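We number each residue from 1, following the sequence as shown. Note that the coordinates shown come from a computational prediction; the quantities given were computed from them, not determined experimentally.
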Amino acid sequence: MGYGLGIFLLALGLILALAVQDAISGVDLTLIGWILVLAGVLVIVLTAVTTNRGRSARTVSTTTHPDGSQTTTEQRHRNDPPPI
């Protein structure tokens, strides 16, 4: 899946919802078009969220000192691709 599927569903849904004037008995093409638009937007948003989540990493390390105390260190790294 990805952005391509989301854009395809969005375009197909908008065509069905706004441009098609034909009627099929028992089928509301306008409603199906709006459902496809919502599905396309959902796919695009989910793809953006999962892509953004994959770019960051977190490392946690705990050090135990001789006196028994512990120190926890957390490092966050963003793996952004270089600009083009």
Side-chain angles (χ1 to χ4, degrees):
M1 295 194 332
Y3 290 111
L5 176 64
I7 292 171
F8 173 76
L9 289 174
L10 187 66
L12 182 63
L14 287 173
I15 289 170
L16 285 176
L18 303 175
V20 174
Q21 298 296 325
D22 291 338
I24 299 173
S25 63
V27 178
D28 186 4
L29 291 178
T30 304
L31 179 63
I32 291 174
W34 288 118
I35 291 171
L36 288 175
V37 167
L38 291 175
V41 169
L42 182 66
V43 168
I44 291 170
V45 168
L46 288 176
T47 301
V49 168
T50 57
T51 301
N52 192 25
R53 184 177 286 176
R55 291 183 181 173
S56 63
R58 184 177 83 153
T59 304
V60 178
S61 62
T62 303
T63 306
T64 304
H65 301 287
D67 63 353
S69 63
Q70 293 183 341
T71 303
T72 302
T73 305
E74 178 179 349
Q75 294 179 348
R76 294 179 185 249
H77 303 283
R78 289 196 51 98
N79 299 327
D80 290 330
I84 297 174

Sorted by chain and number, sequence neighbours left out, side-chain hydrogen bond (donor to acceptor under 3.5 Å, both in side chains) with Thr59 holds for none
Between Leu29 and Val27, is there a side-chain heavy-atom distance shorter than 4.5 Å? yes
Check your understanding: Would Val20 and Ile32 show up in the same hydrophobic cluster when neighbours are defined by side-chain heavy atoms closer than 4.5 Å?
Key -> yes
**Heavy-atom side-chain proximity of Thr62 to Thr71 below 4.5 angstrom** = no
For Asp22, the side-chain hydrogen bond (donor to acceptor under 3.5 Å, both in side chains) test, sequence neighbours excluded, returns none
Flag the pair Val60 / Thr73 as yes when at least one side-chain heavy-atom distance between them is below 4.5 Å, and no otherwise. no
Those residues at least two apart in sequence (or on a different chain) that pass side-chain hydrogen bond (donor to acceptor under 3.5 Å, both in side chains) with Thr63 are none
Correct closest heavy-atom pair for Thr47 and Thr50 would be O-OG1, 3.1 Å
Practice task
Is it possible for you to say whether Leu5 and Leu12 belong to one hydrophobic cluster, with membership spreading through side-chain heavy-atom contacts below 4.5 Å?
Solution key: yes
Sorted by chain and residue number, the side chain to side chain contact (heavy atoms under 4.5 Å, CB included) partners of Leu14 (sequence neighbours excluded) come out as Leu10, Leu18, Trp34, Val37
Shared hydrophobic cluster for Ile15 and Leu9 (ILVMFWY, side-chain gaps under 4.5 Å)
yes
Side chain to side chain contact (heavy atoms under 4.5 Å, CB included) filter on Thr64, not counting sequence neighbours, yields Gln70
In the single-linkage hydrophobic clustering (I, L, V, M, F, W, Y; side-chain heavy atoms under 4.5 Å), do Ile24 and Leu36 co-cluster?
yes
Next on the checklist: Would you say that Thr30 contacts Leu16 through its side chain, given a criterion of any heavy-atom pair below 4.5 Å between the two side chains?
Outcome noted: no
Residues passing the side-chain hydrogen bond (donor to acceptor under 3.5 Å, both in side chains) test with Glu74, sequence neighbours excluded, are Arg76
